[in-house]
Q: 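Got a structure for you, questions after.
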Amino acid sequence: MKVLLINGSPKGKTSNSLKLASSFIEGVRDAIDNKEDFVVDELNLATMNISPCKGCFVCWKNTPGVCCMKDDMQTVIEKELEADMVVWSFPLYYFNVPGLLKNLIDRQLPMVLPFMSENESDLGSGGHDSRYDLKGLKHVLISTCGFYSAEGNYDSVTRMFDHFLGQGNYETIFCGQGELFRVKELSQRTGEYLDVVKKAGSEYIKGKISDSTKDDLKKLLYPKDVFEKMADASWGVSKETGEKEAEDLVFTKQMAALYNKEAYDGKDRVLEMNYTDLGKTYQIKLGKDGSEVFTGKSLEATTVIDTPYEVWLAISRGEISGTEALGKKMYKVNGDFSLMINWDKFFGASDVKPKESTSKVKEEKTASMATMLIPWISFWIAVSINPTIGALITMVICAFVPLTMGKHKFVIWDRLSIAIVAILSLVAAITKQGDLITTIGYAVFGLVWLTSCLFKEPLCATYVKSSYGGESAYKNPLFMKTNYILAAAWGVLYLLTAAWTFILKGMGFGVATIIINNLVPILMGMFTAWFVNFYPAHRAKG
Ligand SMILES: Cc1cc2nc3c(=O)[nH]c(=O)nc-3n(C[C@H](O)[C@H](O)[C@H](O)COP(=O)(O)O)c2cc1C
């Protein structure tokens, strides 16, 4: 299969539209069987020698099908005639194609016959039949434009291509906010869009782009107000005074523009950015109506970030993760830490993600701590009441856990717990020593927690990592330290539980033991909930 990619952007290789076109072609390539015969010919009009049409009609009269001008247009026509698919990649310029591309379209004259033909559509008064049989040739138009949406901006383009290629003879992908494709800091969002374009390529070559993909392609990269604020800030010129603005102010304004006011939780916040290497401070007021940037320290800050400018730039470009940098003490945070914990909610514009990319993440099963706890809880309750019947009930529950918790991922700690609880239940049934075996159970449970601290993944981290970015949570020193501390604390608690249960039951305080053994995990649970917020915030202060 031969694809001819016509890049009509004067920016050449750095074109935004070309990024989309390349993703589309990648999608096509992925979907076809015969990859060896897949060839892409890229014509970069900005570096080619294509003169404007002279209007002499020599290609119709004197040398039918051959232009009198000898320039790169001959190559274009040859490649068009050989191609199976032409991808027209171009920016929108004044609601039409840029001059470079219009020039190339004018020079298509040798491709059609001079004779008037009937135009069956209601588009205009006439037409010209093609000199060549190009019925099998596919055409795809891919373009970005600068306004927030492509909607309504491409009327002239589609009208022209309707005449040129014929109505319904080409597919289109038009995307607004095109300049965002070159902004590294936004590559996560633009990357999601490029994934959808790639999917469109795969679907197109197999038949047609599905309605759901078309819907995703129509989704705005960012909401109108967020985009327009970012776009206005990007010029680095003050809207009010017309004066040039410092790069760090432009950057801070663009960061502020990303604030998602839908995430407002009734609390007005002031985020203070102290760029320690530049000695400059900006404050971003975050309220229900949006964000506003102030220079200096005129407001009372609720969250203060002390960071070298370069570090914050690297974080926003995705060169280093924010949590990893915080764990490595590359920056400090003081004040209200909830803003940091919910950073993606406030600044991630997560509500505009296309369906496909979220469903890709969703496929992955996550582990649930309940899978591990159910066997233990049934063991402690049932076996301490009656070692024989309790053991039987516990073993049945252990056997059913994989089925009832099937929608969750089954991790090593789940398997280990089921195995240990089954063995302990068996021992309790044989020895009839329900009290002693459940007490030993507390000690074993504590040892499991403590042993997990010797591994890359402390027990609790296995169950909560999905809420902290999955596997990447392991690169987050704050996450890891918090989980090691908690796993150790739970381990020690259950070793102590075993000790006091043994002593108190020996002293005949059976009821008190039951109350304590139920109360302590509740209190420890409350401590855990507090600690996961307190500890990272405490460490973030540096
Ligand atoms: C001369 C000129 C005219 C433009 N006209 C429009 C326009 O009419 N509508 C629009 O939404 N964007 C317009 N833009 C913005 C471009 O379409 C936008 O920046 C696009 O993403 C550039 O794509 P490229 O990098 O592939 O060249 C114009 C840009 C320039 C330089």
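For ligands, and for the atoms within them, numbers begin at 1 and follow the listed sequence.
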Q: Thinking salt bridges, do D71 and R107 make one under a 4.0 Å N-O criterion?
A: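 A salt bridge is present here (some side-chain N lies under 4.0 Å from a carboxylate O).
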Q: Quick one: which ligand 1 atoms are inside 4.0 Å of a heavy atom on F147?
A: 9 (N), 10 (C), 11 (O)
Q: Could you tell me the separation between the CZ atom of F90 and the CG atom of L100, rounded to the nearest 0.5 Å?
A: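 Reported to 0.5 Å precision, the distance equals 12.5 Å.
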Q: Just which atoms of ligand 1 are under 4.0 Å from any heavy atom in E179?
A: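 Listed by number with element, the hits are 18 (C), 19 (O), 20 (C), 21 (O), 22 (C).
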Q: Just which atoms of ligand 1 are under 4.0 Å from any heavy atom in N153?
A: 11 (O)
Q: For atom 30 (C) of ligand 1, which protein heavy atom lies nearest, and how many Å away is it?
A: Y93 CE1, 3.4 Å
Q: Heavy-atom distance to atom 6 (C) of ligand 1: which of L92, L180, N16 wins?
A: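 Heavy atom nearest to atom 6 (C) of ligand 1 belongs to L92.
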Q: What about P10: any of its N or O atoms under 3.5 Å from an N or O on ligand 1?
A: no
Q: Salt bridge check: are E192 and R189 linked by an N-O gap of less than 4.0 Å?
A: yes
Q: Suppose we measure from atom 22 (C) of ligand 1 to each protein heavy atom; which comes out shortest, and what is that distance?
A: P91 CB, 3.4 Å
Q: Please determine if E203 and K214 form a salt bridge, counting it only when a charged side-chain N lies under 4.0 Å from a carboxylate O.
A: no
Q: Quick test of your reading: applying salt bridge (charged side-chain N to carboxylate O under 4.0 Å, His left out), list the pairs with at least one residue in residues 297-313, sequence neighbours left out, ordered by first then second residue.
A: E272-K297
Q: Could you tell me which atoms of ligand 1, counted from 1 in the order shown, lie closer than 4.0 angstrom to a heavy atom of S9?
A: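 Listed by number with element, the hits are 24 (P), 26 (O), 27 (O).
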Q: Ignoring angles and geometry beyond distance, decide whether G146 reaches within less than 3.5 Å of ligand 1 through its nitrogen or oxygen atoms.
A: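 The answer is yes, given that G146 and ligand 1 share an N or O pair closer than 3.5 Å.
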Q: Quick one: does F90 get an N or O within less than 3.5 Å of an N or O on ligand 1?
A: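 No, since none of the N or O atoms of F90 sits under 3.5 Å from an N or O of ligand 1.
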Q: Which protein non-hydrogen atom lies closest to atom 8 (O) of ligand 1, naming both residue and atom, and how far is it?
A: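 The closest heavy atom on the protein side is F95 N, 2.9 Å.
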Q: Under the ring-ring contact (aromatic ring centres under 6.0 Å, His included) test against Y275, which residue among Y309, W312, Y331 passes?
A: Y309
Q: Before we go on, tell me: are the rings of F174 and Y154 under 6.0 Å apart, centre to centre?
A: yes
Q: Hey, which atoms in ligand 1 end up nearer than 4.0 Å to a heavy atom of R182?
A: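 Atoms satisfying the 4.0 Å criterion: 25 (O).
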Q: Run the numbers for me: atoms of ligand 1, each under 4.0 Å from some heavy atom of Y94, listed by number.
A: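 Counting atoms of ligand 1 from 1, those under 4.0 Å from Y94 are 3 (C), 4 (C), 5 (N), 6 (C), 7 (C), 8 (O).
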Q: May I ask you to list the atoms of ligand 1 that are less than 4.0 angstrom from any heavy atom of K11?
A: 22 (C), 24 (P), 25 (O), 27 (O)
Q: Step by step, work out the salt bridge (Lys or Arg N to Asp or Glu O under 4.0 Å) result for K102 and D106.
A: CA-CA 6 Å; K102 182 63 173 60; D106 293 348; 2.7 Å; yes
Q: With respect to T14, determine whether any N or O atom, backbone or side chain, lies less than 3.5 Å from an N or O atom of ligand 1.
A: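 Min N/O separation from ligand 1 is not below 3.5 Å for T14.
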Q: Could you check whether K219 pairs with D216 (Lys NZ or Arg NE/NH1/NH2 to Asp/Glu carboxylate O, under 4.0 Å)?
A: yes
Q: Please state which protein non-hydrogen atom is closest to atom 20 (C) of ligand 1 and give its distance, to 0.1 Å?
A: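 Checking every protein heavy atom, the shortest distance to atom 20 (C) of ligand 1 gives T144 OG1, 3.4 Å.
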Q: At less than 4.0 angstrom from any non-hydrogen atom of G178, what atoms of ligand 1 do you find?
A: 21 (O)
Q: Whether E179 and K11 form a salt bridge (side-chain N of Lys/Arg under 4.0 Å from carboxylate O of Asp/Glu) is what I want to check.
A: yes
Q: So does W235 have more than 12 non-hydrogen atoms from other groups sitting under 6.0 Å from CH2?
A: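 At most 12 heavy atoms, drawn from other residues, nucleotides or ligands, come within 6.0 Å of this atom.
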